[in-house]
Amino acid sequence: MKNLLVENAKVMAKGQITLPRDIRTALGVTTGDRVTLIQQGNQVVIINSATYAMKLLQEAMAGEAEKAGLHSEEDVAATLMDMRAEAK
């Protein structure tokens, strides 16, 4: 398994755990950041909430550029130039 990182955390009385430093570093989270917990069967995946939100956005937007006729970077640039010209 690539990038396998195994750590243990003790569940406290109120159900709280402390994420080990190596896990926080791997997730890119620091004090005050949020994480998302995703249950998959009998496992839980922890992901940086900002990363998860971006993943959901990318999945929702998948294929939209092609539907709009944007097939290359040049198409995107041309569309932006047209929109800016119309706005003037």
Side-chain angles (χ1 to χ4, degrees):
M1 277 187 208
K2 187 177 180 184
N3 298 326
L4 181 64
L5 180 58
V6 178
E7 292 282 348
N8 291 304
K10 183 177 180 180
V11 178
M12 304 306 279
K14 293 183 180 181
Q16 299 170 325
I17 64 168
T18 298
L19 294 177
R21 181 181 343 189
D22 290 344
I23 298 292
R24 294 191 311 266
T25 300
L27 294 176
V29 296
T30 59
T31 302
D33 289 346
R34 299 185 69 84
V35 294
T36 298
L37 306 173
I38 304 166
Q39 180 184 353
Q40 297 177 333
N42 65 348
Q43 298 180 355
V44 174
V45 174
I46 300 175
I47 187 170
N48 181 319
S49 291
T51 301
Y52 185 61
M54 182 58 72
K55 177 183 173 185
L56 291 177
L57 177 61
Q58 288 172 334
E59 289 173 0
M61 296 300 295
E64 292 300 315
E66 289 80 14
K67 288 179 190 175
L70 305 173
H71 303 285
S72 67
E73 294 291 328
E74 292 78 19
D75 292 342
V76 173
T79 300
L80 285 174
M81 289 177 61
D82 291 344
M83 292 173 73
R84 288 177 181 152
E86 289 175 11
K88 289 183 181 180

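The chain is numbered in sequence order, starting from 1.
Around the CD atom of Q43, the shell of radius 6.0 Å holds no more than 12 heavy atoms that belong to other residues, nucleotides or ligands.
In terms of heavy-atom proximity, S49 sits nearest to V35 at OG-C, 3.0 Å. In terms of heavy atoms, I23 sits closest to E7 at CG1-CG, 3.6 Å. Considering all non-hydrogen atoms of both residues, H71 and E66 come closest at CE1-O, 3.8 Å. Nearest approach of P20 to N8, heavy atoms of both residues: CG-O, 3.8 Å.
No chain of hydrophobic side-chain contacts below 4.5 Å, direct or via other Ile, Leu, Val, Met, Phe, Trp or Tyr residues, connects M12 to V44.
Under the rule for a salt bridge (Lys or Arg N to Asp or Glu O under 4.0 Å), the partners of K67 that lie at least two apart in sequence or sit in another chain are E64. For the side-chain contact (heavy atoms from CB on, under 4.5 Å) test, residues two or more places apart in sequence or in another chain that qualify with I38 are T36, Q40, V45, I47, Y52. Taking L70 as the reference, A65, A68, D75, V76, T79 meet the side-chain contact (heavy atoms from CB on, under 4.5 Å) condition, with sequence neighbours excluded. For the side-chain hydrogen bond (donor to acceptor under 3.5 Å, both in side chains) test, no residue two or more places apart in sequence or in another chain qualifies with T31. In terms of the side-chain contact (heavy atoms from CB on, under 4.5 Å) criterion, Q39 has no residue partners (sequence neighbours excluded).
Residue pairs satisfying the side chain to side chain donor-acceptor pair (under 3.5 Å) criterion with at least one member in residues 13-23, sequence neighbours excluded, are absent.
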Only distances under 3.5 Å count here; give the side-chain donor-acceptor pairs of residues 80-88 to other protein atoms, sequence neighbours excluded, each with its distance to 0.1 Å.
none

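Atom CG in L27 sits 7.0 Å away from atom CG in L19 (nearest 0.5 Å).
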